[in-house]
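Note sheet for the following structure.
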2 protein chains.
Amino acid sequence: MFISLDLQSDAPIYVQLRNKIIEGIASKELLPGDPLPSVRNLAKDLGVNMHTINKTYQLLKADGFIQIHRQKGVVINPDGFPEVTDVFLEKVKETFRPIIAEAICRGMSKEELLSHCEKIFQDILEGGNRK
Amino acid sequence: MFISLDLQSDAPIYVQLRNKIIEGIASKELLPGDPLPSVRNLAKDLGVNMHTINKTYQLLKADGFIQIHRQKGVVINPDGFPEVTDVFLEKVKETFRPIIAEAICRGMSKEELLSHCEKIFQDILEGGNRK
DNA sequence: TGTCTGATATATAATAAATATAACAGATAG
DNA sequence: CTATCTGTTATATTTATTATATATCAGACA
């Protein structure tokens with residue numbers, strides 16, 4: 001995992017980090033059972049505070065993407081990942097809807113939109129286009 | 001325009017309102033030249049502060065979706081809307097990427113994803129599924 | 001016995017979001 | 001002319017979020 005944070009971004013660090021790890025899982029760069037750095041080590045590597053990393057891990061744990069063992073450390077969930085729940089679908093809608101609406105205003109066709117989505121999907125699978 | 005705000009949402013009020021208006025434009029419920037309520041009236045109607053509305057209008061103006069005339073009021077841009085710029089495409093990517101990555105982790109297929117996007121696109125055009 | 005885990009507590013600083021008032025300049029209807 | 005409506009601007013305050021700085025605790029382990 002090469003993790004780079006964008007300190008200029010309006011997205012909080014702990015969210016950026018969460019997303020990076022999710023992308024790592026999606027691209028199979030991170031496999032079930034793989035270890036993640038300890039809270040303190042990752043904080044040191046990224047030059048941020050321990051609590052910021054802890055917040056990210058707690059989020060990922062709550063969603064079922066990682067397991068946290070008190071003394072062993074943090075691992076990508078070896079028992080598989082959460083499914084597509086109604087809650088998640090709702091999140092998809094709420095996130096996509098405003099952007100798609102703006103795309104329509106700007107004259108983007110449905111085909112064009114789907115093409116962009118497809119490309120992003122592929123890029124993630126191939127682990128590319130990472131910032 | 002029936003505008004309802006979700007005070008429970010984590011999205012700021014001024015952003016929610018911006019999105020509602022963008023959706024109104026996308027669904028052609030709001031047409032070029034149509035007037036929008038004055039800052040003070042809308043604030044009163046929604047039960048929020050004047051500055052919150054003003055922030056929304058300034059955002060929409062900066063992006064070219066509305067025009068603001070000092071004494072006449074606010075109208076949906078009669079000269080047409082902004083195009084699909086590189087900046088906007090970048091915003092699409094950055095917004096979609098984390099969600100699509102999570103969708104992949106949860107086992108959603110590409111076809112399933114595109115189907116959801118297509119549905120959202122249609123829903124907006126039809127002015128439905130509004131909250 | 002150190003040293004590593006995560007977990008937890010407390011305090012502080014910086015920023016963003018929202019509100020509360022107030023005042024200003026220009027247009028316009030009475 | 002006056003009152004009222006625009007958007008604009010300024011100032012101050014409150015609240016919540018984000019991030020940091022320290023510190024401590026309990027369990028595991030070499």
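Side chain of A/P12, nearest nucleotide from C/dA7, D/dT8, D/dA19: D/dA19. For B/I13, the listed nucleotide lying nearest its side chain is C/dA18; candidates were C/dA18, D/dG7, C/dA7. Here the nucleotide nearest the side chain of A/H51, chosen from C/dT19, D/dA21, D/dT9, is D/dA21. Listed candidates were C/dG6, C/dT8, C/dA20. Nearest to the side chain of A/R70 is C/dG6. Counting only heavy atoms from C-beta on, B/T52 has its side chain closest to C/dA18 among C/dA18, D/dT6, C/dT8.
Using a cut-off of 4.0 Å between Lys/Arg side-chain N and Asp/Glu carboxylate O, A/E29 and A/K20 are scored as not salt-bridged. Salt bridge present: A/R18 and A/D63 bring a charged side-chain N and a carboxylate O closer than 4.0 Å.
Rounded to an integer number of Å, the gap from B/L7 CG to C/dT19 C1' is 13 Å. In this entry the distance linking CG of B/N54 with C1' of C/dT19 reads 14 Å, nearest Å. Nucleotide D/dT20 holds its P atom 12 Å from the CG atom of A/L17, rounded to whole Å. Note: CG (B/N49) to P (C/dA16) measures 19 Å, nearest angstrom. Summarising the geometry, the separation between CG on A/L46 and P on D/dT18 is reported as 18 Å, rounded to the nearest angstrom. Going from atom CE of A/M50 over to atom P of C/dA7 covers 10 Å, rounded to whole Å. Taking atom NZ on A/K72 and atom C1' on D/dC29, their separation rounds to 13 Å, with Å as the unit. Atoms NE2 (A/H69) and C1' (D/dG27) sit 14 Å apart, rounded to a whole Å.
Judged by atom type and distance alone, B/R40 reaches the base of D/dT8 through a side-chain donor-acceptor pair under 3.5 Å.
If you check every strand for non-hydrogen atoms under 4.0 Å, A/Y57 touches nothing. At the heavy-atom level, A/D10 lies nowhere under 4.0 Å from the strands shown.
Between A/Y14 and the phosphate of D/dA19, there is no side-chain N or O to OP1/OP2 separation shorter than 4.0 Å. Between B/Q58 and the phosphate of D/dT8, there is a side-chain N or O to OP1/OP2 separation shorter than 4.0 Å.
Judged purely by atom type and a 3.5 angstrom limit, B/Q67 has no side-chain atom pairing as donor or acceptor with the backbone of B/P78.
Toward the 5' end of DNA chain C, the nearer of the two residues A/S38 and B/K55, judged by each one's closest nucleotide, is A/S38.
In the displayed structure, B/Q58 atom CD is contacted under 6.0 Å by more than 12 heavy atoms of other residues, nucleotides or ligands.
For the pair B/K119 and B/D123, the minimum side-chain heavy-atom distance is below 4.5 Å.
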